[in-house]
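For reference, the structure is listed below as C-alpha cells.
The structure displayed is predicted, hence computed values, not measured ones. We count ligands from 1, going down the list as the structure has it; atoms in each ligand are counted the same way. Side-chain atoms are counted along with the backbone in the values below, which use heavy atoms only and exclude waters and symmetry mates.
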Amino acid sequence: DTNLSSHFVLEPYDFLFDTAVEAYYKGDWLTVILNMEKALRNKATVRSVKAQCRMSCANRTSFGDRLAGLGVPIPGSGSVEDLGFFQKILKRADCVNSCETEKLGSPTMHQVTGEVQLEFSKRTPYNYLQVAYFKINKLDKAVAAAHTFYQANPDHMEMRQNLEYYRMMAGVKEEDFKDLEARTHMSYYSDDSFGLAAKHFEVAVDEYFTADKECRALCEGAYNYDGYNYMEYSADLFQAMTDHYLQILNCKQHCVVELASTAGRDKPFEDFLPSHFNYLQFSYYNSEKYEQAIECARTFLLFHPDDEVMNQNLAYYSAVLGEDKAKTISARQVQSGVSVLHDNIKVTMTPQQLNGSQRVLLDGVISDDECRELQRLSNAAALKGDGYRGRPSPHSPSEMFQGVTVLKAVKLGQEGKVPLKSTRLFFDLSEKVRKVVESYFHLETPLYFSYSHLVCRSAIDEKQEERKDLSHPVHVDNCLLVSEINECIKEPPAYTHRDYSAILYLNDDFEGGDFIFTELDAKTVTAEVRPQCGRVVGFGAGKENPHGVRAVTKGQRCAVALWFTLDPTHEEKVRTISVD
Ligand SMILES: O=C(O)CCC(=O)C(=O)O
Ligand SMILES: [Fe+3]
C-alpha cells in the first residue's frame, strides 16, 4: 500500500530554520529552540537516510565486478549485455528512490538553497540556540551550542567572550563544552592511562571508516553543473554518464580530506588516519600489548614505509615479543577509500644526493604497460586533436611538442577519439603521483592538482646539427627567473600558486633529454636525472629549484608534468569536473 507512509511528513529544515529565526526576533525563545533543534535533527536525518539508502541499495543491487573494475561504466558491446547493465542501473535508481521516499516523504522536498546550506555549514543555528538557551537559563545546553558554534567560527569575538564568561559561571562543567556536530573523535593523549586511550583510538578508527562509507555514499548525489552553462549542456547518454561518474569519483577521492577537516580549521589534519595508528601503537606499547603494537606499527608503515622512527619501534617490539612470533603478525586490513602506497616504489635519490632539500627521485611508480598506454594516449590525442606529431615546440625550433591536459583527454575520451580507459589511467596515475609526493615530503596539508600535462617532445632529425639550445630552458615553476641577477620574481604571469612539481617519465628510448637542476644563474648544474619509465622527479616549485631539460636530439621523450598547490581554491578544474 503506497499510502502507508503518507501520514508521515518530515518537515523541511529550511522552513524550520526560517521559523526559528523569525521567533528569535520576537524573543520567543521556546519556539526558537523547538524549531532550530528540529531543523538540525531533520537535516541530520535527511543526510543519514540518504547515506543509508544508498549503502543498502548498493548491497541489494550490486553492479558486480565488471563495472567496479572498469571504473567508468562502459556497457558491453552486445545489446543483451546492455540491457542487463541498464536493468541494474534502473533497479538501483528505483531502490534509492523508494527508500528515500519511504523515509523522507518526498526527497525533493528536502532540497535547500545554497544560502541555507551555507548557514548550516557555518553552524549558524547554534548561534541562535545559544542565546535562546541562555535566556531560559539552560546553561549546559547554551554552553554546548556556544562551543559548537565557536569551533566553526574561531574568529567570532562575541562568542569567544561568551565562552569565557560561561567558563567562570558557577554550575558550568568542563564536559558541557562539547562539539555537537563532531562526526569522528579526533583524539589526544588527554588521559594518563594509555590502556584507556587505546580503546578510545579504536573507537575513533571505527568511526572513521563509518564516516568514510557515509561520505562516499553521499557523493552519489545530483550532478553539479557548476562551471557549465546549464542550458548549453547537451551531453548524450554516455557523455552524461561519464561526466557525472567522474564527478562522483572525484568527490569520493575527496572524502579523505573531508574527514580530516574540522570546522574552524581551514586546513585538514595532517595524515589523519595514519596518525591514529601511530597513537594506537604507542598506547599498546605503553600497556605492554606488543602484539597489537606490532599490528598497528605495521599498519602505519603501509602509509609511510620509510618512516625511520616507526621502523625502529617495530624492530624493538619484535625483539621484545620474539622475532618468530612477530613475523606472524601482519598489518590490519585497511578498508577502501584509503590509498596505500605500493611496496615497489623506491627512493632512488634522496634530497641530499640531489643537492637540495626539496628534491626527490623515485622509481617504480608506474609499470611498463602503463607507460606505454600513456605514450599511446599522447600520440592518439596529437593525431586526433592537434594534427599529427603536434606543433613546433614553444621552447626549441629543433623539436616538435605535443601536450594533452587531463581535461582534453576526458573530452577526447568522451568523443571516442581516444580510449576512455587511457583517459582514466592518466587521471588515476597522476593521482598516485600526487599521493606519493604528498607523503614523501610529509606535508602538513594536502596537495591539490593545479595543472596536469602529458607532454611528448620529438627531435626534428634535420635540425640537430650545431644545436646548442635546451629542450626546455632553465626556469622555476612558480616565479620568473632572471638568471642575470640570480633572482626569481614571484608575481603573475608566473604561476605563483604552484607549490610542488613532479615529472613522471614514460620512456628512455631517445637521445639527450636529461632533466637538470641548476643554481639561480641557470648555468651551474647541481643534479641531473636520466628519464626512464616509472621514474618521478619531485621538487618544490620555488626558487630553490631552477631546472630545465637538455636537448632531445633523437626520438620522442614523453612525460607527465604535474604541478600541485597547497591552496584548494586553485585546484585544477577537471578534478572538480567542469568544462573550459
Ligand atoms: O619534462 C621535464 O623533465 C621537465 C619539464 C618542466 O620542467 C616543465 O614543464 O615545467
Ligand atoms: Fe618546470
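- For Asp477, the N/O/S atom at the shortest distance from the Fe ion (ligand 2) is named OD1.
- Residues of the protein with a heavy atom under 4.0 Å from ligand 1 are Arg457, His472, His475, Asp477, Ile503, Tyr505, Phe515, His547, Val549, Arg557, Trp563, listed by chain and number.
- Heavy atoms of other residues, nucleotides or ligands lying less than 6.0 angstrom from CZ of Phe510 number more than 12.
- At distances below 3.5 Å, at least one donor-acceptor pair connects side-chain atoms of Asn311 with backbone N or O atoms of Asp307.
- Identified under the side-chain hydrogen bond (donor to acceptor under 3.5 Å, both in side chains) test for residues 533-548, with sequence neighbours left out: Arg359-Asn545, Asp363-Arg535, His475-His547, Asp477-His547.
- Arg467 and Ser396 are linked by a side-chain donor-acceptor pair at a separation below 3.5 angstrom, with hydrogens and angles left out of the test.
- At a cut-off of 2.8 Å, His547 coordinates the Fe ion (ligand 2) through an N, O or S atom.
- Aromatic ring centres of Phe449 and Phe564: separated by under 6.0 Å.
- Annotation: side chain of Val360 is not in contact with side chain of Val437 (no heavy-atom distance under 4.5 Å).
- Taken together, the cysteine pair Cys219 and Cys251 places its SG atoms within less than 2.5 Å of each other.
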